[in-house]
Peer 1: 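Please find one structure pasted underneath; my questions will follow.
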Amino acid sequence: MLEFFSYGNYTALIGNNNKAIICYAKDDCYCYPCYNEGKNLEILIPRIFESRKKYKVFVVDDNSLDNTSEILGKLNKKYKNVIHIKRKA
């Protein structure tokens, strides 16, 4: 099963294994599928924006049981180009 997510000019295609990610956009974008990756996101997101300020970052959360949602909420306050997509179980 494939899922499409749209956000403005951006479209992400996510495969059922949460690995096949395609992002279509006019600007640069990065898709990061995750499950219980809260601590890693705290490191990864700032590093992405250190290298390129104009990225859009789609974080596709596969219903994490850790604090991934809370961490993404905090990161989104600092980095407005982080889009949190929470997949349904």
Side-chain angles (χ1 to χ4, degrees):
M1 180 178 154
L2 298 175
E3 295 181 59
F4 285 92
F5 296 95
S6 291
Y7 182 85
N9 292 330
Y10 300 87
T11 302
L13 171 65
I14 294 89
N16 60 353
N17 61 359
N18 223 17
K19 302 286 185 211
I21 304 294
I22 301 169
C23 186
Y24 300 99
K26 291 182 179 178
D27 300 320
D28 291 333
C29 69
Y30 179 79
C31 290
Y32 182 72
C34 71
Y35 179 75
N36 293 339
E37 295 284 341
K39 290 182 182 179
N40 292 329
L41 290 170
E42 289 179 307
I43 297 166
L44 178 68
I45 299 296
R47 286 189 181 170
I48 289 171
F49 287 108
E50 285 172 9
S51 66
R52 300 213 44 193
K53 303 284 184 204
K54 293 187 177 184
Y55 263 129
K56 283 277 192 199
V57 178
F58 291 89
V59 179
V60 183
D61 180 5
D62 206 12
N63 281 318
S64 295
L65 301 175
D66 67 352
N67 59 346
T68 297
S69 289
E70 291 82 15
I71 289 171
L72 283 169
K74 290 178 187 176
L75 289 168
N76 187 255
K77 289 179 183 175
K78 183 172 183 180
Y79 306 102
K80 299 297 181 191
N81 289 345
V82 174
I83 295 96
H84 179 200
I85 300 168
K86 189 157 186 152
R87 293 180 66 181
K88 296 176 183 177

Peer 1: Taking side-chain contact (heavy atoms from CB on, under 4.5 Å) as the definition, give me every residue that meets it alongside I43, ordered by chain and number, with sequence neighbours left out.
Peer 2: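 Partners of I43 under the side-chain contact (heavy atoms from CB on, under 4.5 Å) test: R47.
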Peer 1: Without swapping roles, check the side chain of D61 against the backbone of S64 for a donor-acceptor pair under 3.5 Å.
Peer 2: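 A pair under 3.5 Å: yes.
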Peer 1: Would you please test I85 and F58 for side-chain contact (heavy atoms from CB on, under 4.5 Å) and show each step?
Peer 2: CA-CA 7 Å; I85 300 168; F58 291 89; 3.6 Å; yes
Peer 1: To the nearest 0.5 Å, tell me how far N81 CG sits from L75 CG.
Peer 2: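 Answer for the CG-CG pair, N81 versus L75, is 12.5 Å.
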Peer 1: What's the verdict on side-chain contact (heavy atoms from CB on, under 4.5 Å) for V59 and I45, showing C-alpha distance, side-chain angles and the deciding distance?
Peer 2: CA-CA 10 Å; V59 179; I45 299 296; 4.2 Å; yes
Peer 1: A side-chain contact here means heavy atoms from C-beta on lying under 4.5 Å apart; do N76 and H84 qualify?
Peer 2: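 Sidechains of H84 and N76: no contact.
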Peer 1: Compare every heavy atom of L41 with every heavy atom of C34, then report the nearest pair and how far apart it is.
Peer 2: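 That would be SG-CD1, 4.3 Å.
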Peer 1: If you measure from CG on N36 to CG on D62, what distance do you get to the nearest 0.5 Å?
Peer 2: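 It is 9.5 Å, given to the nearest 0.5 Å.
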Peer 1: Can you name the nearest heavy-atom pair linking E42 to I71, along with the distance?
Peer 2: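 What the structure gives for the nearest pair is CG-CG2, 3.4 Å.
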Peer 1: Indicate the atoms forming the closest heavy-atom contact of E37 with T68, along with that distance.
Peer 2: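 Here E37 and T68 meet closest at N-OG1, 3.4 Å.
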Peer 1: Output, in order, the C-alpha distance, side-chain angles, deciding distance and verdict of side-chain contact (heavy atoms from CB on, under 4.5 Å) for L65 and Y35.
Peer 2: CA-CA 8 Å; L65 301 175; Y35 179 75; 3.4 Å; yes
Peer 1: What are the two closest heavy atoms between N63 and K86, and how far apart are they?
Peer 2: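 The pair with the smallest heavy-atom distance is OD1-CE, 3.3 Å.
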Peer 1: To the nearest 0.5 angstrom, please state how far the OH atom of Y32 sits from the CG atom of N40.
Peer 2: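 CG of N40 is found 5.0 Å from OH of Y32.
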Peer 1: Counting C-beta onward and ignoring hydrogens, is there a side-chain heavy-atom pair between V82 and F49 closer than 4.5 Å?
Peer 2: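 Answer yes - side chains close enough.
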